[in-house]
Protein chains: 2
Amino acid sequence: MTNIQDVAKAAGVSTASVTRYLAGQTIRRADAVKQAIDELGYRPSHVARSLKTGRHDSIGVIVPDISNPFFAALVKGVEREMRPHGMQVILGNSDEDAGREEALVRELSQRTDGIIMAPLTENDEIPLALMKTGIALVFVDRDISSGPDVDRVLVDNASGVRQAVDHLVGLGHTRIAAISGPLDSTPGRMRHEALLSSFEHHGIAADDSLLRIGDFREASGRAAIQEIWAAPQRPTAVFVANNLMTTGALTALMEMGVRVPSDLSVVGFDDLPLAALLDPPLTVIARPDVDQGAAAARLLVERLGEPGQPSPAPHPTQSLVLPVELVVRGSTIAAPALPEGSPA
Amino acid sequence: MTNIQDVAKAAGVSTASVTRYLAGQTIRRADAVKQAIDELGYRPSHVARSLKTGRHDSIGVIVPDISNPFFAALVKGVEREMRPHGMQVILGNSDEDAGREEALVRELSQRTDGIIMAPLTENDEIPLALMKTGIALVFVDRDISSGPDVDRVLVDNASGVRQAVDHLVGLGHTRIAAISGPLDSTPGRMRHEALLSSFEHHGIAADDSLLRIGDFREASGRAAIQEIWAAPQRPTAVFVANNLMTTGALTALMEMGVRVPSDLSVVGFDDLPLAALLDPPLTVIARPDVDQGAAAARLLVERLGEPGQPSPAPHPTQSLVLPVELVVRGSTIAAPALPEGSPA
DNA sequence: TTGAAAGCGCTAACAC
DNA sequence: GTGTTAGCGCTTTCAA
C-alpha cells in the first residue's frame, strides 16, 4: 500500500503538508498533493490515524438480535442519523448471548468512539466495565439497574401495557392471560409490573395459570400459549409482551385450531412489519423503532461531536422516554357473553 | 489506558516478553506477567497491533438492507460460523445506496481481513477496487459481471423460478403476471430471465402489461401490482421476485379488495418469517438464508485461516450454488375456468 | 529464552 | 505556510 510518505515525496512536500491537505487546511502545493494522491491511489491508513489520535470516527451499535425487526429498524435509525455526521456505524449482534456481548463490547470499544447498546439484562455488568474505559455510551430500549450515569432512550412501556389492558377490559374481557418477557430485562420487568398494576386497577385477579414468563423469543411464545390454553379456566384474551413471542403464540394457536379473535383476543407489544396482513390483522402496542435509534444516535453525537471538530463540553446525562401507541386491528373483539352463573 | 510498557515494567520483563506471553508462548516469568496484567487491567491495543501486523482478526459483512429478514438471517449465519474461529464480525448496511456502500467498503476494508458482501448491482465497481487492495472477498447472493475471480455463494435462482412457474402452470394458469427485480442485480436478472424462458417452455406468451420491474423494495411491489391489476386482461396468478415486493403487493391487493387466492394466485420468491400466518398462508420459493451466510463465512475462513495461525496457501476461487425449494401453502389455487371463447 | 531497538503510518507540536 | 521530528502501542527481527 502506498503511504503518506510516498505522496509527500511525489508531491515534493513534507508529510505534514499532506496531513494538512487531508484535514482541509489550505496549503500552497495543494494541486500537486491532490495529483499525487490520485495517481498513487493513496488512502490514509485508518489504523495509523486512530493510533495517533485516539479517535475512530465511528460508533458501535450492539443489539441482542438483529433478526428481530424491531432492532433492525432501530439500527436503521441510528445509521440514518449518523450518516450526515460522517461517522461510520459498526453493528454487533450478541444473539442474546452474554459471552458474545462481552466480546463485542471489548472489540467495538477499541474500534469506536461511542457505543449504543441494548444491554441483555438489568444485571449486565459489561456496560459498567465499558463506562470505566471512558468511552461514550448510550443505552437504548433496555437499561441496567446500577450505574445510572448514562444517556438512555427508552419507551413508555408502562403506558403501552396500560393501554392494552384498558382496551381489553373495555371490550369486556376479565380473564386475561399474559406472556411476559424476562423479568431481569428492562422491558420485561416494566411490562410485567405494569400488567399487574393494571390488573389491580381494574380489579382483575391475577391468575397464575394464565401468567407465563417467556424469554422474548418465538419458541417461548409457543410454549407459553400452549400451557395457558391448557389451564382449567381458559382466558378470553391474551397480552404478549413482544413481537417474537407473539409470532410464536399465533403459530401455536393456529396449529391448535384456536381461532383468533373469536376464541381468543390477542394483543401484542411491538408492531410487526406484516401485522396488517395477518389473519386476523394484529392489534398491537406500536412503539418507535427507527426513531428510537435516531434519538440514541443524536444523544451520542451531542456527546462526541463531529469528526475533526473539538469534542463538545461534557454535559449531564439525558433520559428520553418515547411514547407508544395502541393500534387496534382485528385480533381483539368483545369478550363472549359470560357463561351462566358468572359474577357480573 | 495502561499499555504494554506498564505491564513489562510491573512484571520486571521486557515488552517483548509480554507480547510472547500474550501470544501463548512459554516464558519464564509468566506468572508475574499474568499478575501484572490482571492488576493493571491491561488490554492490548487492537489498533496498535493491527498497525504493526496488518491483521485485524475480524471480517466485515455488507448487506443492502439489514431490515430485510433474508439478510438478517444471512448475517446470523455468518456470525454463527465465525464465532468458533475467534473472528469478530462487523456489519455494514448500505441501505441500497451506492455511496454508502462505497463508504462502508472503504471503511471496513481498513478494519477487517476479509469482506462478505452482496454487491448492489452487477455493474458495481466498488468490489473491483476492493479486490485490488488484496483483501479477501466473498460475494453472497449477488454477483458482479466483471472480475470473476472471487469466491461466491449464490442460490439456484433459475430453478426456483422454474419451480414456481411449473407450479402455476400445473394449476392451469396461463395468464401469469410477474413483478421482477432490478435487471442489473444478479437475482433480479437471473429470475427475470428464468421467468421468460419458463414462459417460453410452457408456450405462454409474455404480455408486457403483466410484466413489471421493481426495485426489490416494498413500495415498488405495491405500485407494480396496481398497474398489473389495471391491465386490460387481468392475470389469474402473479409471481413476485422477492419478499419485500411480495409484502407490498399483498398489502395493495388487500387494499384494492382483491382476494387471494380466489381472485389471484400469488407465489413469492423468498420465504417470510410470518408467511404461514398470513391470510392466506403464502406459497413461496424458499431459499437458504442462514446457510448461505454460513457457507460464505466458511469460504472466507478457508482463505484467511485462523487468527494467530499462518495464512493458508492461496487456492482457486470457489462458486457455490445452493438449492431452493417450492413451499406450497394457501396462496396458489387452480386457475378459474376459462371464460367462453378462450383458446384451450 | 530474553531484551534492545526499529518501525508500522500517521499527526501534532515546534521552530522556522 | 512549511518541514522536522517525536511518538501513539505494539510486534518482530536480531544478538546475546
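Naming: A, B, ... by sequence-line order, numbering from 1 per chain. Excluded from the calculations below are hydrogen atoms, water molecules and symmetry mates; all remaining heavy atoms, backbone and side chain alike, are included.
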Inset, instruction - Report yes if the side chains of B:Ile135 and B:Leu130 come closer than 4.5 Å at any heavy-atom pair, otherwise no. - result: yes

Inset, instruction - Apply side-chain contact (heavy atoms from CB on, under 4.5 Å) to A:Ser50 and list each qualifying residue two or more places apart in sequence or on a separate chain. - result: A:His46, A:His56, B:Val47

Legend entry - Test item: B:Pro64 and B:Arg142 side chains (from C-beta on) under 4.5 Å apart, heavy atoms: yes

Inset, instruction - Give a yes/no answer on whether the side chain of A:Thr15 brings an N or O atom under 4.0 Å of OP1 or OP2 in C:dT11. - result: no

Inset, instruction - Give the nucleotide from the list D:dT11, D:dG3, D:dT13 with an atom nearest to the side chain of A:Ala16. - result: D:dG3

Inset, instruction - Starting at atom CG of A:Asp57, determine the distance to atom P of C:dC10, rounded to an integer number of angstrom. - result: 15 Å

Inset, instruction - In whole angstrom, give the distance that lies between atom CZ of A:Arg55 and atom P of C:dA12. - result: 11 Å

Inset, instruction - Quick one: label A:Ser50 by what it contacts on the DNA or RNA (base, sugar-phosphate, nothing), any heavy atom closer than 4.0 Å. - result: nothing

Inset, instruction - Answer with base, sugar-phosphate or nothing: what part of the nucleic acid does A:Leu51 contact at a heavy-atom distance below 4.0 Å? - result: base

Legend entry - Value in whole Å for how far the P atom of C:dG3 lies from CD1 of B:Ile27: 8 Å

Inset, instruction - Could you list by number each residue of residues 2-14 of chain A showing a heavy-atom separation from DNA chain C of less than 4.0 Å, or answer none if no residue does? - result: A:Asn3, A:Ile4

Extract all donor-acceptor atom pairs below 3.5 Å that involve side chains of residues 79-88 of chain A and protein atoms in other chains or at least two apart in sequence.
{"from": "A:Glu79", "atom 1": "OE1", "to": "B:Asn93", "atom 2": "ND2", "distance (Å)": "2.8"}
{"from": "A:Arg80", "atom 1": "NE", "to": "B:Asp95", "atom 2": "OD2", "distance (Å)": "3.3"}
{"from": "A:Arg80", "atom 1": "NH2", "to": "B:Asp95", "atom 2": "OD2", "distance (Å)": "3.4"}
{"from": "A:Glu81", "atom 1": "OE2", "to": "A:Arg298", "atom 2": "NE", "distance (Å)": "3.3"}
{"from": "A:Arg83", "atom 1": "NH2", "to": "B:Asp95", "atom 2": "OD2", "distance (Å)": "3.2"}
{"from": "A:His85", "atom 1": "ND1", "to": "A:Glu306", "atom 2": "OE2", "distance (Å)": "2.6"}

Inset, instruction - Would you please say whether a donor-acceptor pair under 3.5 Å links the side chains of B:Arg100 and B:Ser94? - result: no

Legend entry - d(NZ, A:Lys52; C1', C:dT11) in whole Å: 5 Å

Inset, instruction - Write down the distance between CG (B:Leu22) and P (C:dT2), rounded to a whole number of angstrom. - result: 15 Å

Inset, instruction - For DNA chain D, determine which residues of residues 32-49 of chain A have any heavy atom closer than 4.0 angstrom to one of its atoms, and list them numerically. - result: none

Inset, instruction - For A:Met1 and C:dG9, give me the distance from atom CE to atom P, rounded to whole Å. - result: 10 Å

Inset, instruction - Figure out the NE2/C1' separation between B:His56 and C:dG9, and round it to whole Å. - result: 13 Å

Inset, instruction - Return no unless some side-chain N or O of B:Arg28 is found under 4.0 Å from OP1 or OP2 of C:dT2. - result: yes

Legend entry - Heavy-atom neighbours of A:Gln5 CD exceed 12 at 6.0 Å: no

Legend entry - Phosphate-side-chain proximity, A:Thr26 and D:dG1, N/O vs OP1/OP2 below 4.0 Å: yes

Legend entry - Touch class at under 4.0 angstrom, heavy-atom based, for A:Ser17 against every strand present: sugar-phosphate

Legend entry - Candidates D:dG3, D:dT11, D:dT13 - which lies nearest the side chain of B:Thr53: D:dT11

Atom pairs and distances, donor-acceptor, side-chain atoms in residues 114-128 of chain B, under 3.5 Å, two or more places apart:
{"from": "B:Thr121", "atom 1": "OG1", "to": "B:Asn123", "atom 2": "N", "distance (Å)": "3.2"}
{"from": "B:Thr121", "atom 1": "OG1", "to": "B:Asp124", "atom 2": "N", "distance (Å)": "3.1"}
{"from": "B:Glu122", "atom 1": "OE1", "to": "B:Arg189", "atom 2": "NE", "distance (Å)": "2.6"}
{"from": "B:Glu122", "atom 1": "OE2", "to": "B:Thr186", "atom 2": "OG1", "distance (Å)": "2.9"}
{"from": "B:Glu122", "atom 1": "OE2", "to": "B:Arg189", "atom 2": "NE", "distance (Å)": "3.4"}
{"from": "B:Glu122", "atom 1": "OE2", "to": "B:Arg189", "atom 2": "NH2", "distance (Å)": "3.0"}
{"from": "B:Asp124", "atom 1": "OD1", "to": "B:Ile126", "atom 2": "N", "distance (Å)": "3.0"}
{"from": "B:Asp124", "atom 1": "OD2", "to": "B:Leu120", "atom 2": "N", "distance (Å)": "3.2"}

Legend entry - Salt-bridge criterion met for B:Lys76 and A:Asp65 (N-O under 4.0 Å): yes

Legend entry - side-chain contact (heavy atoms from CB on, under 4.5 Å) assessment of A:Tyr42 paired with A:Leu22: CA-CA 11 Å; A:Tyr42 169 68; A:Leu22 255 23; 4.0 Å; yes

Inset, instruction - Measure from CZ on A:Arg29 to C1' on D:dT2 and round the result to the nearest Å. - result: 12 Å

Could you go through residues 23-39 of chain A and list every donor-acceptor pair under 3.5 Å that involves a side-chain atom there, pairing it with any protein atom two or more places apart or in another chain?
{"from": "A:Arg29", "atom 1": "NH1", "to": "A:Ala11", "atom 2": "O", "distance (Å)": "3.0"}
{"from": "A:Lys34", "atom 1": "NZ", "to": "A:Asp38", "atom 2": "OD2", "distance (Å)": "3.0"}
{"from": "A:Gln35", "atom 1": "NE2", "to": "A:Glu39", "atom 2": "OE2", "distance (Å)": "2.9"}

